[in-house]
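See structure below.
What you see is a predicted model; the values in this text were computed from it and never measured. Sequence lines set the chain letters: A, B, ... in the order given, protein chains first and strands last, and positions in each chain run from 1.
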Number of protein chains: 2
Amino acid sequence: MKASVGKGLSRSIEDYLKVIYKLEADSGSAQTSAIAEALAIAPPSVSGMVKRLAEAGLLEHSRYRGVRLTEAGQHQALRILRRHRIIESYLIEQLEYDWHNVHQEAERLEHAVSDALIDRMDQALGRPSHDPHGAPIPTPDGEIETIHYVPMTDLDVGSAGQLRMVGDKDSERLRFIASLGLRPGVAFDVVARQPFHGPLTIRLEGGREEVIGYELANSLQCERSGGDAK
Amino acid sequence: MKASVGKGLSRSIEDYLKVIYKLEADSGSAQTSAIAEALAIAPPSVSGMVKRLAEAGLLEHSRYRGVRLTEAGQHQALRILRRHRIIESYLIEQLEYDWHNVHQEAERLEHAVSDALIDRMDQALGRPSHDPHGAPIPTPDGEIETIHYVPMTDLDVGSAGQLRMVGDKDSERLRFIASLGLRPGVAFDVVARQPFHGPLTIRLEGGREEVIGYELANSLQCERSGGDAK
DNA sequence: ATTGGAATTTAACCTTGCCTAAACTAGAAT
DNA sequence: ATTCTAGTTTAGGCAAGGTTAAATTCCAAT
Ligand SMILES: [Mn+2]
Ligand SMILES: [Mn+2]
Ligand SMILES: [Mn+2]
Ligand SMILES: [Mn+2]
């Protein structure tokens, strides 16, 4: 915790922090190769940057083992995440963007907007708690709702659930999800499920049934709601 | 005209082109030192970049003499200018920004927005022809209205005019201009003028009179309207 | 206990954009 | 014509952020 304050962080650094934050959040720690993979750069580039980030007090590095964000690093990561999610929300709500188009735009804009602009957008949106993909929006001072959703594939046949969150990166997948009438908040019952990672069938409000492949279903983060089965 | 197509231009390059365009537009040509001054960097940095831009076919350089944008260079410059001005308009119209706050924000955002986003903003604004400071907005294919305004200091006593355009860089000046009730479109009569670069007095609609220092008046771009004097 | 890989780090190098100090014009002023 | 100088360019450096190739190191499997 030393040079981390002062200037703004570079676009590169901000993207590193965001990626590391996510890896840490759902894999426990962030490996060099995973970071490289996520940023689509070569592993030695990561080693180099990691050194600089450690010197800046944004993370701690145990050689050959991986990396963990410091308080300061997490705080920065959450700041970017907030920007990203507010921007995505704004583009959809106010500028007629489609679900599947916003991510790329946000990926660039998140580094260029001021705090003031983010606040204006946030205000125009009515200070939403979640973005259009269902992801929680961190507060200005770095609080974020801890999520405890389960993949749709974890729900038993006969149980009911609500879709809560979908990934925002894969544009084609989003397009398809939307075409099924699925979006965060939609309630459903699990009607059937085939073994061996087979597809599952759900019934939506209104009675329409949809068959969903395992891989896709596994990417749909859901909340169990009072089961209506047996 | 060779490498200029392909990737997007860097933020630095885009700002160079914009600055050169403006210098060329109102000083005929763009000198190294003027560019350096406008970008707040050292002259040798400009020499270096100029070489690269010339190689990229964005401008032509005559040693020790200055620089002129090629067609390609102008086109790029106008593209950024369009972005800048639409962004400024959008921030004011849709996000409650003040006149004097938008420039800095736009200076960063202009490099991060996509063509699609600019078009959405443009559409939300109703495809305006001028930005809030009165500057013409280039079309998507690089056309721009040629302006032929005169500084307020060129108007004779007794003549009438309309304020058409003000500079967007100086935040404090904008704040002050607004406090006088001046903004593009406002009509006035020149009531009096002191010699030796002294202040001039104008009468606004409603009869209120304001005294304006020479330097400020000289920065206010106006259009003469049917004089109402003798 | 040894060893073979996969992951990681180091080494060496590149481009972009900036810097300062030194060398060089072009043109104005003698 | 010569000289002076302001403006420009060259030379040499530096930091950021990337690359590939070579050296390490951890760990899992014999
Ligand atoms: Mn996203
Ligand atoms: Mn990004
Ligand atoms: Mn501006
Ligand atoms: Mn800019």
Side-chain angles (χ1 to χ4, degrees), chain A residues 2-4 6-20 23-24 27-68 73 76 80 107-108 110-112, chain B residues 2-4 6-20 23-24 27-68 73 76 80 107-108 110-112:
Chain A
K2 43 191 292 208
S4 77
K7 314 276 76 190
L9 307 175
S10 72
R11 169 173 181 168
S12 262
I13 290 180
E14 291 183 340
D15 281 336
Y16 270 90
L17 294 177
K18 218 174 48 171
V19 156
I20 293 169
L23 287 172
E24 221 176 308
S27 321
S29 82
Q31 243 69 35
T32 298
S33 53
I35 299 170
E37 161 104 44
L39 293 171
I41 61 183
S45 309
V46 175
S47 289
M49 178 63 91
V50 156
K51 190 155 81 178
R52 266 173 285 152
L53 294 179
E55 277 159 12
L58 292 166
L59 51 77
E60 274 162 37
H61 180 212
S62 45
R63 288 171 57 80
Y64 287 93
R65 200 131 297 176
V67 115
R68 300 198 43 174
Q76 293 302 322
I80 313 303
E107 200 57 60
R108 275 175 286 106
E110 62 188 356
H111 313 290
Chain B
K2 44 189 294 206
S4 76
K7 315 275 79 190
L9 308 174
S10 71
R11 169 172 183 171
S12 263
I13 290 181
E14 291 183 341
D15 281 336
Y16 269 91
L17 294 176
K18 219 175 46 171
V19 154
I20 293 169
L23 287 171
E24 223 176 306
S27 323
S29 83
Q31 244 67 37
T32 298
S33 53
I35 300 170
E37 161 102 43
L39 293 171
I41 60 183
S45 308
V46 174
S47 289
M49 179 62 92
V50 156
K51 190 154 82 178
R52 266 175 287 155
L53 293 179
E55 277 160 12
L58 292 166
L59 52 76
E60 275 162 37
H61 180 212
S62 44
R63 286 171 58 83
Y64 288 95
R65 200 132 298 171
V67 114
R68 300 199 43 174
Q76 292 303 322
I80 314 302
E107 199 58 61
R108 275 175 287 108
E110 63 189 356
H111 313 290

task = Name the nucleic acid region contacted by A:Ser47, choosing base, sugar-phosphate or nothing; use a 4.0 angstrom heavy-atom cut-off, strictly under.
result = base
Does [X] have a side-chain nitrogen or oxygen under 4.0 Å from the phosphate oxygens OP1 or OP2 of [N]?
X	N	answer
A:His61	C:dT9	yes
B:Arg52	C:dT16	no
B:Ser33	D:dA6	no

ask   = In Å and rounded to the nearest 0.5 Å, what is the CZ to CZ distance from A:Arg11 to A:Arg108?
value = 7.5 Å
note = Here the side chain to side chain donor-acceptor pair (under 3.5 Å) pairs for residues 28-44 of chain B, sequence neighbours left out, are B:Ser29-B:Gln31
key: For the student: nearest non-hydrogen atoms of B:Ala36 and B:Ala42, plus distance   = CB-C, 4.0 Å
Give me, pair by pair, the N or O atoms of the protein and of nucleotides 19-22 of chain D that are less than 3.5 Å apart, along with how far apart they are.
from, atom 1, to, atom 2, distance (Å)
D:dT19, OP1, A:Ala42, N, 3.4
D:dT19, OP2, A:Ala42, N, 2.9
D:dT19, OP2, A:Ser45, OG, 2.2

Side chain to side chain contact (heavy atoms under 4.5 Å, CB included) partners of B:Glu24, counting only residues at least two apart = B:Ile20, B:Arg68, B:Leu69
message = I'd like to check the salt bridge (charged side-chain N to carboxylate O under 4.0 Å, His left out) partners of B:Arg52; sequence neighbours left out, ordered by chain and number.
response = none
Distance-only donor-acceptor pairs under 3.5 Å for side chains of residues 59-67 of chain B, two or more places apart:
none

Within the sub-3.5 Å range, which N or O atoms of nucleotides 24-28 of chain C have a protein N or O partner, and how far apart are they?
from, atom 1, to, atom 2, distance (Å)
C:dA26, O3', B:Arg65, NH2, 3.4
C:dG27, OP1, B:Arg65, NH2, 2.9

Quick test: give all pairs of protein nitrogen or oxygen and nucleotides 12-14 of chain D nitrogen or oxygen below 3.5 Å, distance rounded to 0.1 Å.
none

